[in-house]
Number of protein chains: 2
Amino acid sequence: MAQILENISKIVTLSPEEELLFLSKIETKHYKAKTVILSAGEVCKDSYFVNSGLLRSFTINDNIVEHVLSFACEGWWIGDMYSLLSQKPGNLFIEVLEDAEVVLLSKENQEELYHLIPKLERFFRIIVENSLVAYQERLMDNLSLSAEERFDKFCKKYPTLIQKVPQKQIASFIGVTPEFFSKMKSRLLRK
Amino acid sequence: MAQILENISKIVTLSPEEELLFLSKIETKHYKAKTVILSAGEVCKDSYFVNSGLLRSFTINDNIVEHVLSFACEGWWIGDMYSLLSQKPGNLFIEVLEDAEVVLLSKENQEELYHLIPKLERFFRIIVENSLVAYQERLMDNLSLSAEERFDKFCKKYPTLIQKVPQKQIASFIGVTPEFFSKMKSRLLRK
DNA sequence: TAGAGCACTTAATGTAGATTAAGAAAGAAG
DNA sequence: CTTCTTTCTTAATCTACATTAAGTGCTCTA
């Protein structure tokens, strides 16, 4: 319930009144697995915080190939940053992989909160900074590591995801086809 | 001189006093081409804003292969975000490609300014948000586009860089070897 | 309990891009 | 101007990974 407050408190300290104010600006929703809560072509209106369950964001190329941009489980934020910032139609789908409880923070409320509680501007700055570092590293990994090394890093970084996520989506996340991933995996197991 | 203030004013409005305060916290330096202003293994102490000239950040793999993470010309920020945030030794080199005038903002001063001028927290939040969107797009491009398509996007996005930057570094930026880049380029010219 | 659909595997074949190696061209430095 | 170094090109060969295709085994639904 106050999961998101706990998450925020790891970075900035809100007063009880500020916490109440914050809670008044968010909305909690429950989604079944396989629900698509945002589609490519739509404008992203909200930031999503995952209380429980599992989501992913991805694009679809030429109506065929999916590419997973990110997973989000308990305690993570997800959204279509490009669309959210520009308020233009985005390229991302956001889909529920496991039944989820999600906190929605609308763009307007978020902007309003920046004024009402400047500490939240700090909070989101830091969240975004950390996210930027992670994407920079992932990009460099894609430029410099082999598929096997990227898989290895993935396993170490997200050990819990490996059981939960269909393996073809892990393949997509690290940037290989499901067929090659399968071959690579069995090759690794033989060692 | 007040180039950086102009840059800031595109996003937030500072009062004259705030501008003076800001100026008192920064330092301007001149570097010759080929200067390495940050090396892998060092802790990054500053954010760099480019007044003039051209810089790049890159890693080196196994003491051999370079991978360009970013270029920064007039009006751009550059740094080793990972190292700057964590204050741990980083993996990036930052090198001057063309004689440059660079504004240095130390981490301490930056943090201090967040408290003194909260609007600057907004400024940097927005800068980092935009940067995140760009890296997310670049990652997805690397997962889904061919080298030729990535080169095409690069040309459209950074037309001025093509003349300035040695072509092997463009190759590295888009994620191919210089040899393949050369072949690809002559193939494109023949059309 | 059948059968429709996914997720995963295996294997043959194809290819984008890497590697290696050499030479040409163009700067920089003395 | 000459030499040294670095960048760029070309070409042969190689390989990591993609593509295509077929088959296996889930699990969900009816």
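Chain letters run A, B, ... following the sequence lines, proteins first and then strands; every chain starts at 1.
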Interface polar pairs with nucleotides 17-27 of chain D, N/O, under 3.5 angstrom:
| residue | atom | partner | partner atom | Å |
| --- | --- | --- | --- | --- |
| D:dC17 | OP1 | A:Ala147 | N | 3.2 |
| D:dA18 | OP2 | A:Thr177 | N | 3.1 |
| D:dA18 | OP2 | A:Thr177 | OG1 | 3.2 |

Completion exercise
Separation of C:dC6 atom P from A:Leu97 atom CG, nearest Å, is 16 Å
Donor-acceptor list for residues 168-182 of chain A side chains, cut-off 3.5 Å, not counting sequence neighbours:
| residue | atom | partner | partner atom | Å |
| --- | --- | --- | --- | --- |
| A:Ser172 | OG | A:Glu66 | O | 3.2 |
| A:Ser172 | OG | A:Val68 | N | 2.8 |
| A:Thr177 | OG1 | A:Phe180 | N | 3.2 |

Can you list, pair by pair, the side-chain donor-acceptor contacts under 3.5 Å of residues 156-164 of chain A, counting residues two or more places apart and other chains?
| residue | atom | partner | partner atom | Å |
| --- | --- | --- | --- | --- |
| A:Lys156 | NZ | A:Asp152 | OD2 | 2.9 |
| A:Gln163 | NE2 | A:Pro159 | O | 3.1 |

Problem - Rounded distance in Å - NZ (A:Lys185) to C1' (C:dA11) - result: 17 Å
Exercise for the section: Sequence neighbours left out, what passes salt bridge (Lys or Arg N to Asp or Glu O under 4.0 Å) with B:Glu111? Give chain and number order. Expected result: B:Lys107
Exercise for the section: Could you identify which residues of residues 154-172 of chain A place a heavy atom less than 4.0 Å from some atom of DNA chain D, listed by residue number, or say none? Expected result: none
Exercise for the section: Under 4.5 Å between side-chain heavy atoms, chaining through other members, with only Ile, Leu, Val, Met, Phe, Trp and Tyr counted: pull out the rest of the cluster around B:Leu20, sorted by chain and number. Expected result: none
Practice task
Could you run through DNA chain C and flag its stems, i.e. three or more consecutive Watson-Crick or G-U pairs with both distances under 3.5 Å?
Solution key: C:1-30 with D:1-30
Handout entry: Residues that, via side-chain heavy atoms closer than 4.5 angstrom, fall in one hydrophobic cluster with B:Tyr48
Key = B:Tyr31, B:Ile37, B:Leu38, B:Val50, B:Leu55, B:Ile78, B:Ile94, B:Val96, B:Val102, B:Leu104
Exercise for the section: Kindly write out the residues that satisfy salt bridge (Lys or Arg N to Asp or Glu O under 4.0 Å) with B:Glu112, not counting sequence neighbours, or none if the list is empty. Expected result: B:Lys25
Exercise for the section: Identify which one of A:Phe22, A:Trp77, A:Trp76 satisfies the ring-ring contact (aromatic ring centres under 6.0 Å, His included) criterion when paired with A:Phe49. Expected result: A:Trp77
Practice task
Please name all residues satisfying salt bridge (Lys or Arg N to Asp or Glu O under 4.0 Å) with B:Arg125, sequence neighbours left out, ordered by chain then number.
Solution key: A:Glu121, B:Glu129
Practice task
Output all residues satisfying salt bridge (Lys or Arg N to Asp or Glu O under 4.0 Å) with A:Lys185, sequence neighbours left out; order by chain, then residue number.
Solution key: none
Show the distances under 3.5 angstrom between N or O atoms of the protein and N or O atoms of nucleotides 23-30 of chain C.
none

Exercise for the section: For A:Lys32 and D:dC28, give me the distance from atom NZ to atom P, rounded to whole Å. Expected result: 13 Å
Problem - Between C:dA7 (P) and A:Glu66 (CD): distance, integer Å - result: 9 Å
